[in-house]
Amino acid sequence: LINRTIQNRDFFSSLLLSFLVCLPILSNLIILEPYYENPELIEDCWTEDYIIENGVLIQNKDHTYSLTIDGKAVNLNNPSHLIKQGITIKKE
């Protein structure tokens, strides 16, 4: 009976040890990433390519910028990225 108890304890100890060794490996196999909707499927959301092709950047007299797309206007603080991409610019 004592021999069997020792064998059971050794078995469970080795099982626990193997589980603890495998746990870090198994935990790194699961990678959770945030889910993003496709911007083309979201209403009133434009891709960067669509903005460059269809948008007009308006430089106002007070040196602020407005972006107009499909009849909708949005004020921009820093349009330098759009300017580098080659968006159409009109001065007011």
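Throughout, residue positions are numbered sequentially from 1 according to the sequence presented.
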Check your understanding: Quick one: do Leu67 and Ile89 end up in the same hydrophobic cluster if we chain Ile, Leu, Val, Met, Phe, Trp and Tyr together by side-chain heavy atoms under 4.5 Å apart?
Key ->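 The answer is yes; both residues are in one hydrophobic cluster.
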Review point. Between Leu76 and Ile58, is there a shared hydrophobic cluster once you connect ILVMFWY residues whose side-chain heavy atoms come closer than 4.5 Å?
Key: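 They do not share one cluster, since no chain of ILVMFWY contacts under 4.5 Å joins Leu76 to Ile58.
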Which residues pass the side chain to side chain donor-acceptor pair (under 3.5 Å) test with [X], not counting sequence neighbours?
X: Asn60; result: Thr64, Ser66
X: Asp70; result: Tyr50
X: Asp49; result: none

Those residues that, when tested against [X], pass side-chain contact (heavy atoms from CB on, under 4.5 Å) (two or more places apart):
X: Thr88; value: none
X: His81; value: Glu48, Gln85
X: Leu26; value: Cys22, Leu29

Distance in Å, [X] [atom1] paired with [Y] [atom2], rounded so as to fall on 0.5 Å steps:
X: Thr68; Y: Ile51; atom1: OG1; atom2: CD1; value: 12.0 Å
X: Asp10; Y: Leu17; atom1: CG; atom2: CG; value: 12.0 Å
X: Tyr65; Y: Leu82; atom1: OH; atom2: CG; value: 11.0 Å
X: Gln59; Y: Glu92; atom1: CD; atom2: CD; value: 9.5 Å
X: Leu57; Y: Ile83; atom1: CG; atom2: CD1; value: 5.5 Å

Check your understanding: Counting heavy atoms not belonging to Asp62, are there more than 12 under 6.0 Å from its CG?
Key -> yes
Exercise for review: Search all heavy atoms of Pro24 against all heavy atoms of Val21 and return the closest pair with its distance.
Suggested key: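 Closest heavy-atom pair between Pro24 and Val21: CD-O, 3.4 Å.
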